[in-house]
Amino acid sequence: MELNFGRLATIIKKEFVENRKTLLLRALLLIGSMVILSQIMGILHSNVYNKEWEILNLVESRDPALQPMLVIFIIGAFFVSAFSASFLFENMTSKTKRLSTLMLPASNAEKFIARFTIFVLGFFVLYFVSCAIAEFSRYIVLQSIYPDSPNVHLITPSAIIADLDIDFTSKDWLWAFTIFIGAFLFNQSLFGLGSAVWPKNSFIKTFGAIWAISITYQLLTSILIQLFDFSDAHPNSNLLLWLLTGFLYIGTIFNWVLAYYRFKESEIIQRM
Amino acid sequence: MVNIENITFSYSRKKKPVLENFSLNMGEGKVCGLLGKNGAGKSTLLYLIAGLLNPNSGKVLYHGIDTRQRLPQTLNDMFIVPEEFDLPKVHLMDYIKNNSVFYPKFSLDDMNRYLTTFEMDSDVNLGQLSMGQKKKVFMCFALATNVSLLLMDEPTNGLDIPGKSQFRKFIASGMNDNRCIIISTHQVRDIDRLLDHIVIINDNNVLLNADTLSITDKLRFVNTIDSELASKALFAQSSIEGHSIILPNEDAIDSEINLETLFGLATEHPEIINRLFNTQK
């Protein structure tokens with residue numbers, strides 16, 4: 001696997017310059033959506049910012065929209081990361097695009113990593129920036145509407161940690177965090193692999209495939225439960241956690257490796 | 001330079017192979033015309049040479065390296081100008097800046113010279129050009145990369161009337177002893193005077209693989225109204241002006257190759273071509 005970092009940087013720069021309008025439009029769309037969602041959260045909690053404060057003299061040390069905002073940011077991260085990963089191979093959607101990509105004098109690894117950097121790693125940067133802009137906009141708007149309210153607070157990472165009241169040394173928290181990150185990465189890698197298999201309309205096709213597999217899995221599980229008696233089974237919860245974690249992380253690596261090999265074996269004409 | 005070794009390729013398992021046990025060698029310093037009927041596998045062959053398709057068996061070697069590996073050192077020394085292509089909607093200078101870095105022998109002076117040949121301006125946005133203009137710009141870039149192997153699929157399609165004569169001048173000015181240009185086309189009149197070497201393929205066979213000098217040494221191309229002479233020809237094609245015929249060149253008389261007539265002889269009487277040029281299947 002040949003990897004030249006100078007050439008890799010050149011490919012990334014070329015991708016940005018030649019697709020700047022599309023990338024900028026998508027970035028603005030994401031930022032705009034996050035800003036709208038954060039403003040909606042502000043409107044939904046408006047009673048706490050003004051009325052209840054005046055009537056009940058209610059003073060909150062943290063913003064009442066903190067938890068709903070956090071839920072939105074987490075769900076958004078799952079959804080948008082999958083959406084972004086499904087653009088990974090949009091440069092392979094047509095014969096002419098495949099020709100431009102495949103004939104570029106760089107190794108397959110460099111071409112793959114360049115796209116991965118933009119649509120997977122770049123996504124994280126863009127998403128955090130979008131969340132920060134959305135939260136600042138919510139804070140500024142609420143400050144201007146309710147200048148005297150003591151309940152308008154800027155949601156910062158330290159405020160989130162304080163609100164969640166996490167014991168970072170607890171084993172349960174560590175398991176939950178590890179599985180959460182694993183699930184996030186696995187979900188993203190599934191859509192990356194989906195993009196390698198179906199470069200056109202990748203998000204919808206991958207979503208459909210995941211849905212079909214999930215339904216099949218649930219059906220099979222329910223049939224197995226009816227066929228066999230599992231009432232005496234006492235699974236080792238620790239073992240199950242290890243298995244789940246292993247599945248998520250190894251599955252993530254497997255998906256990305258498979259996506260790379262799928263790209264490496266690509267041809268200008270998709271043969272049957 | 002390019003060695004095609006026993007390639008078999010089919011687009012699906014059920015279909016007949018486009019190429020089967022196909023072999024061909026091409027050397028440096030030549031403009032090679034790749035001719036064949038529709039579906040003969042000309043574009044497929046170009047894609048196989050460029051490593052854009054994976055043969056079912058056999059391999060294509062470029063300077064001894066299998067092109068299917070698509071290694072940077074192979075890709076930066078070859079360029080393909082397909083019949084249809086995508087150009088980003090950016091300023092030409094941005095395009096040159098972002099793409100020329102991948103080609104170590106790229107020359108901006110050559111690029112400007114080729115643009116001048118096509119009467120094109122370098123201060124243009126690629127998104128605002130017509131298809132023919134885009135093709136001119138893309139071909140200029142391709143030649144300015146100074147790669148050793150340039151593959152062109154129907155390069156004159158979409159070019160205007162002056163563009164076709166400019167194209168001949170353009171290829172002639174960009175040719176040198178270290179370079180091989182393979183042109184696949186049906187528009188034989190656009191390129192007939194450019195070619196140093198002719199390859200005609202049909203039904204999986206190389207009907208003719210010879211340089212133009214050896215062709216004119218052995219064959220004489222004549223336009224005549226003499227029907228008696230036409231009846232004695234190896235091959236004759238009637239036209240409004242009379243007959244385009246091919247005679248054995250027994251008296252060593254120089255003539256200009258008529259590609260259409262030569263193609264007719266090769267496809268209709270491959271045994272004559274085989275006897276004269278000892279073409280191997």
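First the proteins, then the strands, lettered A, B, ... as listed; each starts at 1. Values below: every heavy atom of this structure, side chains too, minus hydrogens, waters and symmetry copies.
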Would you say [X] has more than 12 foreign heavy atoms packed within less than 6.0 Å of its [atom1]?
X        : atom1 : answer
A/Lys200 : NZ    : no
A/Phe207 : CZ    : no
B/Lys89  : NZ    : no
A/Phe78  : CZ    : yes
B/Asp177 : CG    : no
A/Phe124 : CZ    : yes
A/Leu154 : CG    : yes

Can you confirm whether [X] sits close enough to [Y] that some side-chain heavy atom of one is under 4.5 Å from a side-chain heavy atom of the other?
X       : Y       : result
A/Glu18 : B/Asn99 : yes
B/Tyr47 : A/Leu99 : yes
A/Glu2  : B/Gln69 : no

Do A/Lys14 and B/Asp94 meet the salt-bridge criterion of a basic N to acidic O distance under 4.0 Å?
no

Interatomic spacing from CD1 in A/Ile11 to CZ in B/Phe102 - rounded to 0.5 Å
5.0 Å

Toward chain A, the part of B/Phe138 with a non-hydrogen atom under 4.5 Å:
neither

Contact class of B/Lys97 relative to chain A, heavy atoms under 4.5 angstrom
side chain

Contacts with chain A made by residues 50-67 of chain B (heavy-atom distance under 4.5 Å), listed by residue number:
B/Ala50, B/Leu52, B/Leu53, B/Asn54, B/Asn56

Using only non-hydrogen atoms and a strict under-4.5 angstrom cutoff, which residues of residues 73-88 of chain B touch chain A?
B/Gln73, B/Leu75, B/Asn76, B/Met78, B/Ile80, B/Pro82, B/Glu84, B/Phe85, B/Asp86, B/Pro88

Pick one of side chain, backbone, both or neither for A/Lys264, based on which atoms fall under 4.5 Å of a heavy atom in chain B.
backbone

Contact residues of residues 101-114 of chain A (partner chain B; heavy-atom separation under 4.5 angstrom)
A/Leu102, A/Met103, A/Leu104, A/Pro105, A/Ala106, A/Ser107, A/Asn108, A/Lys111

Checking an interface table here. Which of residues 179-187 of chain A come within a heavy-atom distance under 4.5 Å of chain B?
none

Walk me through whether B/Arg68 and A/Glu267 qualify under side chain to side chain contact (heavy atoms under 4.5 Å, CB included).
CA-CA 10 Å; B/Arg68 183 58 196 135; A/Glu267 296 180 298; 4.1 Å; yes

